[in-house]
Amino acid sequence: MTARTKLIELLKSEAAQESVLIKGWIRTQRESKDFSFIELNDGSCLANIQIIVDNDVDDYQEIVKLTTGAAISVTGELVESLGKGQKWEVRARAIGVLGVAPDDFPLQKKRHTDEYLRTIAHLRPRSNKYSAIFRMRSKLSFAVHQFFKERNFQWIHTPIITGSDCEGAGEMFSVTTMDLNNIPKKNGAVDYEQDFFGKEASLTVSGQLSVETFCLSLGDVYTFGPTFRSENSNTSRHMSEFWMIEPEMAFADIHDDMKLGQEFVQYLVKYTMEECTEDLELFAKFVDKNLMSTLENIVNNDFIRLSYTDAVDLLLKSNQKFEFPVKWGSDLQSEHERFLTEKHFKQPVIVYDYPKDIKAFYMRINDDEKTVAAMDILVPAIGEIIGGSQREERYDVLRQRITGMGFDEADYWWYLDTRKYGTVPHAGFGLGFERLLMLVSGISNIRDVIPFPRTPKHLEF
RNA sequence: UCCCCGGUAGCUCAGUCGGUAGAGCGGGUGACUGUUAAUCACUAGGUCGGCAGUUCGAGCCUGUCCCGGGGAGCCA
């Protein structure tokens with residue numbers, strides 16, 4: 001019995017092969033007088049293989065009626081193609097029908113809009129563009145781990161369910177086993193003591209606080225997993241469920257953090273260019289004509305680094321008309337970030353040392369006592385792809401920040417403990433994996449780089 | 001959540017001044033061809049997003065709701 005060969009291997013074949021077995025889905029069929037062409041794809045790579053079916057093959061009349069989308073197995077001979085456009089083709093000896101596709105199969109031999117394909121998210125990976133992005137997603141996940149492994153970072157599996165309501169990165173989804181039609185109450189308030197965990201529980205919005213404890217023990221660490229935010233965001237770059245990568249380095253400051261962020265983005269872009277060439281070509285050709293020059297620009301140049309204060313000065317002197325005024329102390333608006341990265345510098349920009357009042361409590365206060373050692377990496381078209389900071393490692397300063405912002409320091413006891421016992425300077429950031437995929441593919445809507453997007457009012461599939 | 005744009009055949013769209021529905025692709029049938037999103041001919045296919053209103057008459061005008069896209073905020 002011959003084993004099934006995947007097309008990615010078969011198409012690389014050095015020589016003709018007497019007997020091969022392939023399985024996949026029909027992309028298109030063209031019927032000739034005495035034989036028929038079938039283009040088959042099995043998802044292992046972008047390319048199809050052409051199959052020649054002569055009319056003396058068993059059940060020929062049934063085979064020529066197969067339409068786009070049908071699944072078949074083919075045994076035959078791998079031969080050099082007589083036609084132009086492909087090196088190899090399979091001359092079929094026998095074809096087995098695994099699953100027919102009736103004529104209402106929603107994917108046609110033509111370009112569909114992303115909006116339509118999103119309504120058939122269960123079938124869109126059978127299209128060229130979506131199979132390409134999901135192969136790239138898989139390969140880049142691997143590259144994330146490879147990058148950190150090469151640098152001796154440890155992968156930490158921080159919890160997805162959290163009892164900590166102090167992660168502070170956004171609105172959280174509640175996790176409960178209580179009967180929502182009959183919620184236990186005590187003195188008018190929800191009685192969480194009767195819930196599964198005996199306390200209020202949520203899905204994580206960030207693994208950072210947890211992973212910091214491992215940073216201050218294993219040294220350099222990172223998380224890579226799903227993250228959940230229940231903000232009512234309706235944009236092309238936000239989802240309720242997304243994957244985030246959060247490295248955290250011990251004995252490191254904000255400059256080490258910026259360096260790691262740049263190296264990480266450059267590594268992943270370079271990896272894409274070297275390891276995903278076939279899929280990348282599709283994006284460069286059909287999705288974003290400037291993709292290759294964008295990627296080369298990222299790989300070949302240091303990211304611009306400028307402080308928030310310098311960025312504000314630059315924006316004020318730019319003579320640009322902005323809808324929102326530029327003012328020291330206010331956060332940069334999207335239009336300001338876009339100006340910096342798309343118009344002024346035309347490359348990725350790292351803005352650092354933001355006013356402390358617009359940033360989170362755990363970010364380290366600088367000597368000027370007005371700014372914190374925070375940094376955002378901004379890229380053209382997408383905006384913020386990385387947000388990070390050096391963490392406040394000084395016990396007393398951190399305690400004051402927590403209470404000063406109106407939080408209860410008792411909720412942060414274990415976090416404060418890490419500063420009480422053997423504290424060290426450390427820094428880290430969060431990178432949105434889907435935003436990175438947008439960057440390397442040119443795909444402009446984040447819902448199109450994840451298998452089944454979750455956004456407000458959307459939980460299909 | 002706010003602002004702007006859109007919703008017409010399975011898909012992508014056109015539809016003039018308010019007068020009763022069109023194309024390409026896809027499907028079906030046939031022809032032709034080592035073809036390449038093949039080509040050619042014929043053919044089927046519509047509650048014009050829902051509801052209400054104006055009008056003799058609404059795909060077109062008004063109101064409202066639903067859905068999609070772009071932008072903004074929140075952020076990765």
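Letters A, B, ... are given to chains in the order of the sequence lines, protein chains preceding strands, and every chain is numbered from 1.
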Exercise. Using a cut-off of less than 4.0 Å, is there contact between a side-chain N or O of Arg237(A) and OP1 or OP2 of G70(B)?
Worked result: no
For this session: Under 4.0 Å from any atom of RNA chain B, heavy atoms only: list the residues of residues 74-87 of chain A that qualify, in numerical order.
Result: Ser81(A), Leu82(A), Gly83(A), Lys84(A), Gln86(A)
Problem set entry | Selection from G71(B), G10(B), A72(B) that lies nearest to any side-chain heavy atom of Gln108(A) | G10(B)
Problem set entry | side chain to side chain donor-acceptor pair (under 3.5 Å) partners for Glu39(A), two or more places apart | Arg30(A), Asn48(A)
Exercise. Which nucleotide in the set C67(B), C75(B), A72(B) lies at the smallest distance from any side-chain heavy atom of Arg229(A)?
Worked result: C75(B)
Exercise. Base, sugar-phosphate alone, or nothing: which one does Glu337(A) contact when heavy atoms must sit under 4.0 Å apart?
Worked result: nothing
Exercise. By a strict heavy-atom criterion of less than 4.0 Å, which residues belonging to residues 111-119 of chain A are in contact with RNA chain B?
Worked result: Arg111(A), His112(A), Thr113(A), Glu115(A), Tyr116(A), Arg118(A)
Exercise. So what does Glu246(A) touch, heavy atoms closer than 4.0 Å: a base, only the sugar-phosphate, or nothing?
Worked result: nothing
Problem set entry | Qualifying residue for side-chain contact (heavy atoms from CB on, under 4.5 Å) with His426(A), from Gln390(A), Arg364(A), Glu248(A) | Glu248(A)
Within the sub-3.5 Å range, which N or O atoms of nucleotides 39-41 of chain B have a protein N or O partner, and how far apart are they?
none

Exercise. Does Arg30(A) make a side-chain N or O approach to OP1 or OP2 of A37(B) shorter than 4.0 Å?
Worked result: no
Problem set entry | Lys370(A): side chain to side chain contact (heavy atoms under 4.5 Å, CB included) partners, not counting sequence neighbours | Trp328(A), Asp368(A)
For this session: State which residues pass ring pair (Phe, Tyr, Trp, His ring centres under 6.0 Å) with Phe264(A); sequence neighbours excluded, sorted by chain then number.
Result: Phe147(A), Phe148(A)
For this session: When you get a sec, tell me which of C25(B), A38(B), G71(B) is the closest nucleotide to the side chain of Thr28(A)?
Result: A38(B)
For this session: Check the angle between the aromatic planes of His344(A) and Phe339(A) and answer parallel, tilted or perpendicular using the 30° and 60° thresholds.
Result: tilted
Problem set entry | A76(B) phosphate, OP1 or OP2, under 4.0 Å from Arg435(A) side-chain N/O | no
For this session: Just say parallel, tilted or perpendicular for the rings of Tyr222(A) and His145(A), cut-offs at 30° and 60°.
Result: tilted
Exercise. So which nucleotide from G69(B), G24(B), C75(B) ends up closest to the side chain of Lys110(A)?
Worked result: G24(B)
Exercise. Side chain to side chain contact (heavy atoms under 4.5 Å, CB included) with Lys110(A): which residues, sequence neighbours excluded?
Worked result: Gln108(A), His112(A)
Exercise. Among residues 338-354 of chain A, which residues get a heavy atom nearer than 4.0 Å to RNA chain B?
Worked result: Arg338(A)
For this session: Check every strand shown and say whether Asn234(A) touches a base, only sugar-phosphate, or nothing at a heavy-atom separation below 4.0 Å.
Result: base
Problem set entry | Glu31(A) (side chain) donor-acceptor with Phe37(A) (main chain) under 3.5 angstrom | no
For this session: Find out whether the Lys NZ or Arg CZ of Arg151(A) is both under 6.0 angstrom from the six-membered ring centre of Tyr267(A) and within 45° of the ring's axis.
Result: yes
For this session: Report yes if at least one side-chain N or O of Lys109(A) is closer than 4.0 Å to OP1 or OP2 of C11(B); otherwise report no.
Result: no
For this session: May I ask whether Phe37(A) stacks on the base of G34(B), given the cut-offs of 5.5 Å between ring centres and 30° between planes?
Result: no
Exercise. Using a heavy-atom distance cut-off of less than 4.0 Å, which residues of residues 46-65 of chain A contact RNA chain B?
Worked result: Gln50(A), Ile52(A)
Exercise. What's the closest nucleotide to the Ser334(A) side chain, out of C11(B), C74(B), G73(B)?
Worked result: G73(B)
Name every donor-acceptor pair, under 3.5 Å, that has one atom in a side chain of residues 7-16 of chain A and the other anywhere in the protein, sequence neighbours excluded.
{"unit_1": "Ser13(A)", "atom_1": "OG", "unit_2": "Ala15(A)", "atom_2": "O", "d": "2.9"}
{"unit_1": "Ser13(A)", "atom_1": "OG", "unit_2": "Gln17(A)", "atom_2": "NE2", "d": "3.0"}

With a 3.5 Å cut-off and sequence neighbours excluded, list the donor-acceptor pairs that the side chains of residues 153-161 of chain A form with protein atoms.
none

Seminar exercise, completed: Per the 3.5 Å Watson-Crick/G-U criterion and a run length of at least three, the stems involving RNA chain B are B:1-7 with B:66-72, B:10-13 with B:22-25, B:27-31 with B:39-43, B:49-53 with B:61-65
Exercise. In whole angstrom, what separates Met375(A)'s CE from A76(B)'s P?
Worked result: 11 Å
